[in-house]
Structures are given as structure tokens and as C-alpha cells.
Amino acid sequence: MKVITATFRVVTPLFLAGADAMTAELRLPSVKGALRYWYRAINPHFQKVPEGGKATWEEILFGGTGGGAGQSAFFMRKKNENLKIMRMSSLPRDLDYFSFFLRRRCSYISPVSNYADKLSGRFTIQLLLRPHRNANKVAPDWKGLVSSLWMLGHIGGLGARSRRGFGTIALQEWQADDPEIQQWMDQLPIAHEASTIEEWIKRFQCGLQQIQFWFSPWDHCNHTIVDQRTTFFLANEGSDTELNAMVAGMQVIKGFRSEHKEHRLFLGLPLIVSSKKNGQIYQILPKRYQRVSSPVWLRVIQIGQQYYPFFAILSAPFPDKLIKKVGEEQKNHPFCYHKALQMFKEYIKDQPFREVR
């Protein structure tokens, strides 16, 4: 079997567990689910059946339950794992704004702040690519798998509240024993090897542009995607610890919610509000859905010995109708998604953050 080996470092507290929700552990199904998420975000044809195939591109690569889909085209295993499990009581109270409901958990996977420690807080996974013997007569999209690994290690995260800075993992190194796959990986530089902000941005832009070059442009947006409208913002000033950088990023979201209450709805629904005037509690929620996820991802970037908050604002659909529900009564609630999104981008720039394209 061909093998891809990738090593990640845990940058911020990671809340991930198995059958015992009280005990933190790194789970490969969660990693695979994250890779699938990013594959859907970058490949406009993930739902299409290739010529000569019996399943979609996504099903051929990750497996599925539909006819002709079958198992995933690759197996996963943990090669090395040097992670530190911490008790919940050790999590700083400064992070309560985004972690208050996680307090019922007993433990989490902790980052290791010691810059000189090159081994702790890391884990290595291997992707074993199965020989192509399926009924689809179409080779799996290995280039898409490599791209998903890079996206996970530069934009995404794992576990609970990963859109709000928790569970940030950084790709540290990777390799493949197949020359063609290694050649693709060499075209995606690891930004976290950079020692300056300018170098990090250059590496990040190079990798992202290469992935977008490999895949066709999106002509629709019915789920969260990475396209030409996706924007990224990196703080101009760093912090001495990853937790301080998380707090700096949280303050941006908290400040926008406080100063632009009528525009905060795009950051996730439903929203439950308690009126200060009369103590009345009401909800604002989509008319046809249960919830809407935030298009904003906060993560922490380490450059040298400094940590920086980093925002990714992905392209995502938004419900055309919202309702305001008070008790059993409800009425339409007007909201302009694109105006709110633009105001948030301008707000970030004033903090100050620089836009990364």
C-alpha cells in the first residue's frame, strides 16, 4: 500500500472524546470526518459521479452507503501520539466566553507551550491508500485527499468549538512514499515552518492558490465552501502564549456582538436573547432550519515564538427568512446577511488585522 504520513501539533485546547465523553482522547474517525468536511469545501464536483464510475468522487474517496460506494479508499492509523491530557479545572477562566458549556467535561487535550519541546503535543497519522480494485473503475482523488490534509492543518480544527479557536491543529511535516503524491505535497508549502509573518503569509497564499488551481471554480454555494470570496485575516501583533492569542480573537467577536447587536446574527443561529428592558426572552432562528453554523473560523497561528489570532471567513449560504419567536408567537425578522458580513470584515480590520488573500 502507498502511505501518506502527516504530523500535527495541538495549538489550542482540544475537546474530543469517545464513548466516555468525560475523558479526552484523539479519535481517528473525527480526523477523517474533518478531512471529509474540507474535501467538500474545496471540490465543486464532490457530489458528481465521474465517467465510468458508480459512486460520487466523495464516496469513492471516503466511502459511503449508496450503491457502488463501499469502503473508504484508505485506512487510517495513529503512528505516534505524545499528547498531554489536562483536567478541566486547569483551563483559564479568560476562555469562559466560548467555553462555559464545556465546563461539564472532565478533561481536554492540552497544547504544549514550551517552544523548545519539539515532540510533546504532537500526533502522527498514517493514511494507507488501498490498491485500486473497486467497481468504479475510477482512481480515488488522492490529490483531493492531500489538499484536505493541508486545509485541516492550516484553516480547520478538531473537536468541540473548533470554529471558535479550540482544537486548532497545525500541520508540521508530511511525506509520501509515492513519488507522484510527494510531488503534489511539495507544491503545498507548510506555512507553520515560517519564522516571520511575511513568510507565513507567502506560504499560506501559495498553498491555497495551488489547491484552487487544481479544482474548478465554484458556480454555486449550497454549503460552506472555500472560493474566491473567502477571506482571511491575520492579527498584526502576536502574543506570548496561545491562550492569550485565543483571548485576543475572542475579544474581536465579543466586541462585534456587543457593538453591532442587530448584525450579529450571521455568527450562528438560533440566537436566544433576554431583553434588559422587560426581561422577556425571545429567539431569532431560521424559518425552515433548526440551526445555522457560523461562517467564521477562529484559530491560532504560531510564527516563531509568537502566537497570532487568525480568522477565516468562508463562503456559506444563509436562510432567506428569519423569524423572531416570543413564547408561542412568531413573526418575520428582517436581516441583511451580506451587509452584516461586510461590517464584520471592516470591524476586524480596525482591530487591527491584515487581510490575507
Side-chain angles (χ1 to χ4, degrees), residues 30-50 55-64 140-158 161-165 167-169 171 184 187-188 191 204-234 253 265-269 286 288-299 301 310-320 335-345 348 355-357:
S30 297
V31 178
K32 187 176 181 180
L35 292 175
R36 193 167 195 152
Y37 175 91
W38 291 108
Y39 184 73
R40 292 178 176 181
I42 59 176
N43 186 359
H45 304 302
F46 76 98
Q47 285 186 318
K48 291 186 178 181
V49 177
T56 66
W57 281 112
E58 177 190 0
E59 290 173 330
I60 294 173
L61 184 59
F62 290 97
D141 185 9
W142 300 131
K143 186 181 289 185
L145 182 61
V146 168
S147 300
S148 300
L149 276 169
W150 190 92
M151 295 292 289
L152 174 60
H154 286 81
I155 302 176
L158 295 175
R161 304 297 278 171
S162 57
R163 293 174 188 253
R164 292 295 176 258
T168 295
I169 60 172
L171 179 63
W184 297 334
Q187 296 178 60
L188 302 178
F204 177 80
Q205 291 173 328
C206 180
L208 185 63
Q209 290 169 4
Q210 183 61 55
I211 291 173
Q212 292 176 330
F213 173 76
W214 283 339
F215 296 95
S216 304
W218 285 91
D219 58 7
H220 62 283
C221 180
N222 55 17
H223 69 288
T224 303
I225 63 174
V226 177
D227 63 2
Q228 297 299 326
R229 297 173 299 169
T230 300
T231 51
F232 305 92
F233 296 90
L234 178 65
I253 295 179
L265 303 180
F266 83 96
L267 289 168
L269 293 171
R288 294 183 295 171
Y289 308 99
Q290 294 295 322
R291 63 185 298 269
V292 177
S293 298
S294 172
V296 178
W297 286 71
L298 167 64
R299 63 179 278 131
I301 304 299
F310 176 77
F311 284 100
I313 305 178
L314 309 187
S315 299
F318 195 82
D320 55 353
F335 180 70
C336 181
Y337 172 74
H338 296 290
K339 179 180 179 181
L341 195 63
Q342 187 59 40
M343 291 187 67
F344 182 68
K345 293 177 182 179
I348 292 179
E355 186 171 356
V356 179
R357 285 189 174 272

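Just the heavy atoms: all of them, side chains too, but no hydrogens, waters or symmetry mates, feed the values below. Numbers here simply count residues along the sequence, with the first being 1.
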[X] side, atom [atom1]; [Y] side, atom [atom2] - distance, nearest 0.5 Å:
{"X": "L341", "Y": "F344", "atom1": "CG", "atom2": "CZ", "result": "8.5 Å"}
{"X": "F46", "Y": "I225", "atom1": "CZ", "atom2": "CD1", "result": "10.0 Å"}
{"X": "K345", "Y": "E355", "atom1": "NZ", "atom2": "CD", "result": "7.0 Å"}
{"X": "I155", "Y": "F310", "atom1": "CD1", "atom2": "CZ", "result": "6.0 Å"}
{"X": "I169", "Y": "S162", "atom1": "CD1", "atom2": "OG", "result": "9.5 Å"}
{"X": "R163", "Y": "I253", "atom1": "CZ", "atom2": "CD1", "result": "11.5 Å"}

Would you name the heavy atoms of [X] and [Y] that are closest together and state the gap between them?
{"X": "W57", "Y": "H45", "answer": "CD1-O, 3.2 Å"}
{"X": "L188", "Y": "W150", "answer": "CB-CD1, 3.6 Å"}
{"X": "F204", "Y": "A191", "answer": "N-CB, 3.9 Å"}

Legend entry - Neighbour count >12 (heavy atoms, 6.0 Å) for atom NE2, H338: no
Inset, instruction - List in chain and number order the residues that pass side-chain contact (heavy atoms from CB on, under 4.5 Å) with Q205, two or more places apart in sequence or in another chain; answer none if no residue qualifies. - result: I201, Q209, V356
Legend entry - side-chain hydrogen bond (donor to acceptor under 3.5 Å, both in side chains) involving R299 - partner list, sequence neighbours excluded: none
Legend entry - Single hit among V146, L208, L35 for side-chain contact (heavy atoms from CB on, under 4.5 Å) with M151: L208
Inset, instruction - Could you give me the CA-CA distance, side-chain angles and deciding distance for R288 and D320, then say whether side-chain contact (heavy atoms from CB on, under 4.5 Å) is met? - result: CA-CA 9 Å; R288 294 183 295 171; D320 55 353; 3.5 Å; yes
Inset, instruction - Dump the intermediate steps for side-chain contact (heavy atoms from CB on, under 4.5 Å) on V226 and Q212, then the final yes or no. - result: CA-CA 9 Å; V226 177; Q212 292 176 330; 4.1 Å; yes
Inset, instruction - Before giving the answer on side-chain contact (heavy atoms from CB on, under 4.5 Å), spell out for I348 and I313 the whole-Å C-alpha distance, their side-chain angles and the decisive distance to 0.1 Å. - result: CA-CA 11 Å; I348 292 179; I313 305 178; 4.1 Å; yes
Inset, instruction - Among Q47, K48, R36, find the one that has a side chain to side chain donor-acceptor pair (under 3.5 Å) with E58. - result: R36
Legend entry - N/O donor-acceptor pair under 3.5 Å between R291 side chain and P286 backbone: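 Flag not set: sc R291 to bb P286 has no pair under 3.5 Å.
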Legend entry - Within the 6.0 Å centroid threshold, strictly below: W297 and W38: yes
Legend entry - Among Y39, W218, F318, ring pair (Phe, Tyr, Trp, His ring centres under 6.0 Å) partner for H223: W218
Inset, instruction - May I ask you to test the T231-F311 pair for a side-chain heavy-atom distance under 4.5 Å? - result: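 T231 vs F311: side chains apart.
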